[in-house]
Amino acid sequence: PARAQRISKLFDRVSVCRQNREFNTYTGRYKNIPVSVMSTGIGPDNVEIALIELSQIVNELTLLRIGTCGSLRRNIQIGDVVISTAALRLENTSLFFVPEGYPAVAHYEMVRTLRDAADSLKMRYHLGLTATAPGFYGAQGRIVSGFPLRTTDMVTYFSRIGVLNFEMETSALFTLAGLKNYRAGSISAVYADRYRYRFATAEQQRAAELNCIKTGLKAMELLCS
């Protein structure tokens, strides 16, 4: 919720503000573009609620997740941003709409404009595959005493098959947006280096989040230019 508020402060103006549970929404204009920012809390189930209810009030949506993630590859550093081209569907929310083999893919225009935005702002970024987990601990291979994992060493395995990062929303967003032919993209700031078991300081988190936000807003500007 606090991130949504921080994003809204970069708008030219905010005309509507609504808050209900974890869903905080700010609607206004950025560079004369009509835009809303909404916090959805954590997880794919909340993305489902947000996307479906938004679809009932807007005919054609362009959707961008601006979030955080843990990196899985040696070449990705804390503070970098990851632009998701597609997502591995580890969550099961999307299974209530589509079969297991259905792809969760970003809209090509969103990938292109996020890349162009990152280039124009000279951001350090990575393009590739994201794994969307349904939980924070076991689903992302975090070892906690007293909670044995069925699958161990997930970080090494997913890194070997080319997955760049772990997060908890993108595959549900891409899948449901695909059903409606909406443009959807996802960009995440790296807060955790899972490959080397390093974590961002509070200062690094603030800087990475701002870079992610600026890139997302710049992409929206480019889409409408």
Side-chain angles (χ1 to χ4, degrees), residues 1-8 17-27 35-58 60-72 82-107 110 129-142 144 147 149-151 154-155 158 163-192 194 209 212-213 216:
R3 183 178 305 135
Q5 184 180 44
R6 287 192 288 271
I7 293 172
S8 74
C17 175
R18 294 286 185 271
Q19 297 181 340
N20 183 42
R21 297 187 181 183
E22 63 267 53
F23 299 97
N24 289 2
T25 306
Y26 303 86
T27 296
V35 63
S36 292
V37 58
M38 175 190 287
S39 63
T40 62
I42 300 174
D45 49 339
N46 286 8
V47 169
E48 179 217 39
I49 293 169
L51 192 152
I52 288 177
E53 295 194 2
L54 283 168
S55 74
Q56 305 306 298
I57 58 174
V58 179
E60 294 184 15
L61 285 168
T62 295
L63 300 155
L64 173 61
R65 162 167 158 71
I66 295 177
T68 62
C69 69
S71 65
L72 305 178
V82 175
I83 299 169
S84 303
T85 57
L88 180 61
R89 293 168 51 219
L90 302 179
E91 43 81 21
N92 70 350
T93 300
S94 57
L95 287 176
F96 291 92
F97 299 89
V98 297
E100 290 183 359
Y102 191 94
V105 182
H107 193 280
M110 297 299 287
L129 182 63
T130 287
T132 297
F136 187 77
Y137 291 100
Q140 296 185 42
R142 288 185 165 94
V144 180
F147 296 91
L149 298 178
R150 290 180 59 193
T151 303
M154 294 174 68
V155 170
F158 283 126
V163 177
L164 301 188
N165 62 323
F166 264 136
E167 53 82 76
M168 296 176 61
E169 287 81 25
T170 295
S171 69
L173 172 66
F174 287 174
T175 301
L176 297 179
L179 292 176
K180 294 287 288 183
N181 199 30
Y182 293 150
R183 293 188 299 190
S186 179
I187 182 169
S188 300
V190 176
Y191 276 16
R194 297 290 306 281
E209 180 189 68
C212 200
I213 291 168

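For the single chain, residues carry numbers from 1 onward in sequence order.
- Between C69 and V190, the closest side-chain pair of non-hydrogen atoms falls below 4.5 Å.
- V37 places none of its side-chain heavy atoms less than 4.5 Å from the side chain of Q5.
- Note: I7 CD1 to S36 OG = 11.5 Å, rounded to the nearest 0.5 Å.
- The 12-atom threshold is not exceeded at CD1 of I42, counting heavy atoms of other residues, nucleotides or ligands nearer than 6.0 Å.
- Counting only distance, with no hydrogens or angles, the side chain of R6 and the backbone of I213 share no donor-acceptor pair below 3.5 Å.
- In this structure, the separation between OG1 on T62 and CE on M110 is 6.0 Å, given to the nearest 0.5 Å.
- Scanning for side chain to side chain contact (heavy atoms under 4.5 Å, CB included) contacts around F97 gives E48, I52, L176, L179, with sequence neighbours left out.
- For the pair E22 (side chain) and P1 (backbone), a donor-acceptor distance under 3.5 Å is absent.
- Nearest approach of A133 to Q140, heavy atoms of both residues: CB-CG, 3.6 Å.
- Within the model, atoms OG1 of T130 and CE of M168 stand 14.0 Å from one another, a figure rounded to the nearest 0.5 Å.
- T132 and E91 are not linked by any side-chain donor-acceptor pair at a separation below 3.5 angstrom, with hydrogens and angles left out of the test.
- In this structure, the side chain of R89 engages the main chain of Y102 through a donor-acceptor pair within 3.5 Å.
- No side-chain heavy atom of L54 sits less than 4.5 Å from a side-chain heavy atom of Y182.
- Closest approach of K180 and S55 over heavy atoms only: CE-CB, 4.5 Å.
- Between the side chain of S39 and the backbone N or O of A4, no donor-acceptor pair lies under 3.5 Å.
- When every heavy atom of R142 is checked against every heavy atom of L149, the shortest pair comes out as O-CD1, 3.8 Å.
- The nearest pair of heavy atoms linking C212 to G67 is SG-O, 3.9 Å.
- With rounding to the nearest 0.5 Å, the separation of CD in E167 from OG in S71 is 13.0 Å.
- Between F23 and R18, every side-chain heavy-atom pair lies at or beyond the 4.5 Å cut-off.
- Residue A131 comes nearest to L90 through the heavy atom pair CB-CD1, 4.1 Å, listed as atom of the first residue, atom of the second, then distance.
- L173 and G185 get closest at one heavy-atom pair: CD2-O, 3.5 Å.
- Between N46 and E169 the shortest side-chain heavy-atom distance does not fall below 4.5 Å.
- Annotation: side chain of T40 is not in contact with side chain of I49 (no heavy-atom distance under 4.5 Å).
- Taking CG of L164 as the start and CD1 of I83 as the end, the distance is 10.5 Å to the nearest 0.5 Å.
- Put simply, the side chain of V47 does not reach to within 4.5 Å of the side chain of R65, judged on heavy atoms.
- Rounded to the nearest 0.5 angstrom, T68 OG1 and Y191 OH are separated by 6.0 Å.
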